[in-house]
Amino acid sequence: MLSARNLTCMRDNRTLFSGLSFTVSAGEIVQIEGANGAGKTSLLRILAGLSRADRGEVLWQQQSIYQQREVYHASLLYLGHQPGVKAILTPLENLSFYHGDCPQALLLQALEQVELTGYEDVPAAQLSAGQQRRVALARLWLTRAPLWILDEPLTAIDRTGVEALMAQFTRHTAEGGAVVLTTHQPLPSGMQRVGTVRLAAPEYN
Ligand SMILES: Nc1ncnc2c1ncn2[C@@H]1O[C@H](COP(=O)(O)OP(=O)(O)OP(=O)(O)O)[C@@H](O)[C@H]1O
């Protein structure tokens, strides 16, 4: 599905990673590991096509993501480090913003999956950090994108929420999807087909 080939990323005279290659196949969960500042967010942004690598390329179905931007973006759900939730909008309005073509009943079901029933019409600004992240994560129950790139999706999520998310990752990969994620928490040991990409601490040039 997704291939990273010989990726190099430099930031402020530091090499975050170089010659990094790995593949993500259908049905796989790949966890990007590394210390704070190792370059996990930078790598996810490169994989998502939001920033360019200094060297190397990212292929989607054997073709550069930059040669098929529309196809790639239709195949991808990227949830960044920040929840990406609009504070003045309610959870329902936030989901509607991204998934306006979905019937409201489906949006409400997605909010139910992330335990936000009862908060549908409360401005997101009035929700807790974990609840705001849950609004963003509700999109995992609405998207049809096969590739999910998720930056710290478990941050601020309680144990029940983590279990629901893991079940959703398992369902998605069982249906042929793939998940690339960063998290400082270990994934449950029982999860199937989990791969790891480890980033070393950054080098000073
Ligand atoms: N746009 C940028 N310009 C300059 N430096 C940047 C930029 N983005 C990130 N960096 C630097 O690159 C390094 C890696 O940042 P990155 O956010 O990728 O790390 P991370 O592994 O995700 O860290 P964390 O675990 O703390 O989230 C940091 O030192 C950061 O300051």
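For ligands, and for the atoms within them, numbers begin at 1 and follow the listed sequence.
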Does R5 make a cation-pi contact with F22, if we ask for NZ or CZ under 6.0 Å from the ring centre and within 45° of the axis?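 The answer is no; the distance or angle limit is not met.
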
Touching ligand 1 at all, [X]? Heavy atoms, strictly under 4.0 Å?
X: G34; value: no
X: A35; value: yes
X: H81; value: yes

Under 4.0 Å from a heavy atom of [X]: give me the atoms of ligand 1 that qualify, with their elements.
X: R14; value: 29 (O)
X: H184; value: 25 (O)
X: G37; value: 13 (C), 14 (C), 19 (O), 20 (P), 21 (O), 23 (O), 24 (P), 26 (O)
X: K40; value: 18 (O), 19 (O), 20 (P), 21 (O), 22 (O), 23 (O), 24 (P), 25 (O)
X: D12; value: 4 (C), 5 (N)

What do you reckon, is CD of E33 surrounded by more than 12 foreign heavy atoms closer than 6.0 Å? yes

Take atom CD of Q62 as the centre, draw a 6.0 Å sphere, and report whether it contains more than 12 heavy atoms from other residues, nucleotides or ligands. no

Among E33, R45, R11, which residue places a heavy atom closest to atom 1 (N) of ligand 1?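 When every heavy atom of E33, R45, R11 is considered, R11 comes closest to atom 1 (N) of ligand 1.
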
Between D151 and ligand 1, which residue portion shows a heavy-atom distance shorter than 4.0 Å: side chain, backbone, both, or neither? neither

Single hit among L181, V180, T196 for side-chain contact (heavy atoms from CB on, under 4.5 Å) with I29: L181

Would you say Y119 and L111 make side-chain contact, with heavy atoms under 4.5 Å? no

Does D151 reach the side chain of L79, with side-chain heavy atoms less than 4.5 Å apart?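 Side-chain contact under 4.5 Å: no.
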
Membership question, hydrophobic clusters at under 4.5 Å side-chain separation (ILVMFWY): are L140 and Y98 in the same one? no

Under 3.5 Å, N or O to N or O, is T41 touching ligand 1 that way?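 Yes, at least one N or O pair falls under 3.5 Å.
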
Backbone N or O of V194 within a donor-acceptor pair of the Q31 side chain at under 3.5 Å?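 No: the side chain of Q31 does not pair with the backbone of V194.
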
